[in-house]
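Single-structure report; data block below.
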There are 2 protein chains.
Amino acid sequence: MPNRTGLTERAVASHALALIDEEGLVGLSMRKLAGALGVAPMSLYTHFADRDSLLEAVAQLLYAQIDAPTGEDLGPEEKVRQIMKSVRRVLVDHPAAVPLVAKYPPRTLDALAFVEAGYRAFRRAGITAHDTARAYRALVAYSLGTATIEVNQYFAAHPAATPPGDSIDSPTLARHLPNVIEVGPLLPQLDDGVEFDYGLELTLAGFMRLQDSTLGSR
Amino acid sequence: MPNRTGLTERAVASHALALIDEEGLVGLSMRKLAGALGVAPMSLYTHFADRDSLLEAVAQLLYAQIDAPTGEDLGPEEKVRQIMKSVRRVLVDHPAAVPLVAKYPPRTLDALAFVEAGYRAFRRAGITAHDTARAYRALVAYSLGTATIEVNQYFAAHPAATPPGDSIDSPTLARHLPNVIEVGPLLPQLDDGVEFDYGLELTLAGFMRLQDSTLGSR
DNA sequence: ACCTGAACACCGTTCAAGT
DNA sequence: ACCTGAACACCGTTCAAGT
C-alpha cells in the first residue's frame, strides 16, 4: 500500500455502498464520499476514472454477495431456486443499489461465481448451452423486475387510491375501469416474498414444460 | 387557458419526454426544459410541485401509449401477449424513460386502459381476481426486467470480454468459470425480441400449468 | 504515481417580488 | 393564480500545482 491515504479500490467501493444504503443513489456524491473517507474529493479519481466506474465496482461487490450453492446432488430447478432467493436477499438488503445491478453485469471472479454455479447445474442436467443462456436471461429479467417492484414499492398503493388532487371521480372510474377497481386493491395485499416464489415457479414450470416438449419431439 | 405562457401540464410533460428521449434522464433538467419551452425555470413549478412530479406525469404519458386490444373473442393468453408486445414497443421506443415506468405505476384513466383490458380478459376466462392480481404482478416484473436488460444492453458484451485492465487472466478464468466461458458468449447473440417472447411463453405456460392443476384439484 | 485546492459549468429549489 | 430573477446549497470533473 504505497498510497499516502491508504485507500484501496475495494475500500472506496465498500464505503460507497454504505453511503448508498444510508442516503440513496443520488445521496452518494464524490464529495461526500471523499469527506467520509477523510480525503480530498479529487483523490477518488486516482482509483476510479469517474463516478460511473465507482458505481460499477459497487455492483461487483453486490454480485459477490450472492451465495452459490455447492451441492452436487441438487437438480437445476432446486439450485436455481436457491440462487434466486439469494439474489433477492442481496437486492432487498440494498434497495437503493438495485439500479446498479440492473446496469452493470457481473465481471469479476467473485461476482461471476453464482452465474457459474447456475450454468453448471443446467449443463449437468443435460440442458443445452443455448437453452441455458436463454433461461439465464429470462431469470435475470425476472429477478431484476421483481426487485425493482419491491424496492420501488410499485404496488404499495393501488390505482384507485390516488391522491384526490387530479384523481378520477368515482363514477367515471367505475364505468371505465370496473376490473381495476376489483383487482387493484388486491395488489398491495400481496406478500413480496410469496409472490417472488410464485413468479419464479411460473418461469421454472414454463421452462421445464418447454424442455420436456423439446426432448419429447427428438 | 388563462395562463400567460400558455403552458399546460400535458405540454410540459410531453416536451419533457422529448428531452429525455434526446438527452437521457439526467439530460432532462428543469432549467433546460424551461429554456426549450421559452419560460423561466421557476414557471414549471406552477404546474408541477417538483421534478419528481413531472417525471411521474411523463410515466403516465408512456402508459397511455400502450395498446389495449378490444377483441372480445381473444383468450387471456393471446390478449396478454398482445398487451405485453405493446408494452415492450413503448419501452424500447423510450429507453431512457424505462426507470420512470419502473418507479411510477399507472394512475390516470388513459394509463390504466391496458391494465383494465388485461384484467378483463383474465376474469372473463374464469380466473380468480386473486390469481389475476398475481399474474399481473409477475408480468409487470418480467416486462420491467426484460426492458431494463434491453435498454441497458446488459448482455451486449459477454463477461469473458471485459477490458484487459483489471480483467482476470485466461487460465484462471478457464479453471474457475468453465461454464461461463462456454455459455457467456451466447448471451450477446440472443435476439431481444425473440427472447422477450420466449420468457413471456415461459411465464404464460407456467401460469396455465398452475391454473390447470388448481382447477383439476377442485 | 498519488494527492490537493481552486475553478468551471452545471444542478433543484427557496424566496421575495412582481402581474 | 401565475410568472420571474436572484440567490443558496449543492453537483462532477478539469486543471495546474504540489509530493
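Note that this is a predicted model, so its numbers are computed, not measured. In what follows, every chain begins at residue 1, and chains take the letters A, B, ... in the order their sequences are listed.
- Within 4.0 Å (heavy atoms only), L54(B) reaches no atom of the nucleic acid at all.
- Atom CG of D50(B) is separated from atom C1' of dC15(C) by 17 Å (rounded to the nearest Å).
- Ion pairing of D67(A) with R89(A) is present here, as a side-chain N (NZ or NE/NH1/NH2) and a carboxylate O approach within less than 4.0 Å.
- Salt-bridge annotation for E116(B) and R120(B): absent, with no side-chain N of the basic residue lying under 4.0 Å from a carboxylate O of the acidic one.
- Ring planes of F114(B) and Y63(B): parallel class, angle under 30° (limits at 30 and 60°).
- Distance, K32(A) NZ to dG12(D) P: 9 Å, rounded to whole Å.
- Between the CE atom of M30(B) and the C1' atom of dC3(D) there is a distance of 14 Å, given to the nearest Å.
- For the pair E23(A) CD and dC10(D) P, the interatomic distance rounds to 11 Å; values are reported in whole Å.
- Contact check for K79(A) versus P76(A): no side-chain heavy atoms found under the 4.5 Å cut-off.
- For the C1' atoms, the distance linking dC11(D) with dA7(C) amounts to 14 Å, nearest Å.
- Across all strands shown, dA16(D) forms a Watson-Crick or G-U wobble pair with dT4(C), both key distances being under 3.5 Å.
- dC3(D) atom P lies 19 Å from atom CZ of R31(B), rounded to whole Å.
- V101(B) has its side chain out of reach of H94(B): every pair of non-hydrogen atoms, C-beta onward, lies at least 4.5 Å apart.
- Using a 4.0 Å heavy-atom cutoff across all strands shown, M42(B) reaches at least one base atom of the nucleic acid.
- Regarding contacts with the backbone of dT13(D), a side-chain N or O of Y45(A) is found under 4.0 angstrom from either OP1 or OP2.
- Between dA1(D) and H47(B), no contact under 4.0 Å exists linking OP1 or OP2 to a side-chain N or O.
- When each of dG12(D), dC3(D), dT13(C) is scored by its nearest atom to the side-chain atoms of R51(A), the top-ranked nucleotide is dG12(D).
- The distance between atom CG of L7(B) and atom P of dA1(D), rounded to the nearest whole Å, is 18 Å.
- Within 4.0 Å of S29(B), counting heavy atoms only, lie sugar-phosphate atoms of the nucleic acid but no base atom.
- At whole-Å resolution of the value, CD in E9(A) and C1' in dC2(C) are 13 Å apart.
- Rounded to a whole Å, the CG atom of L37(A) is 16 Å from the P atom of dC2(C).
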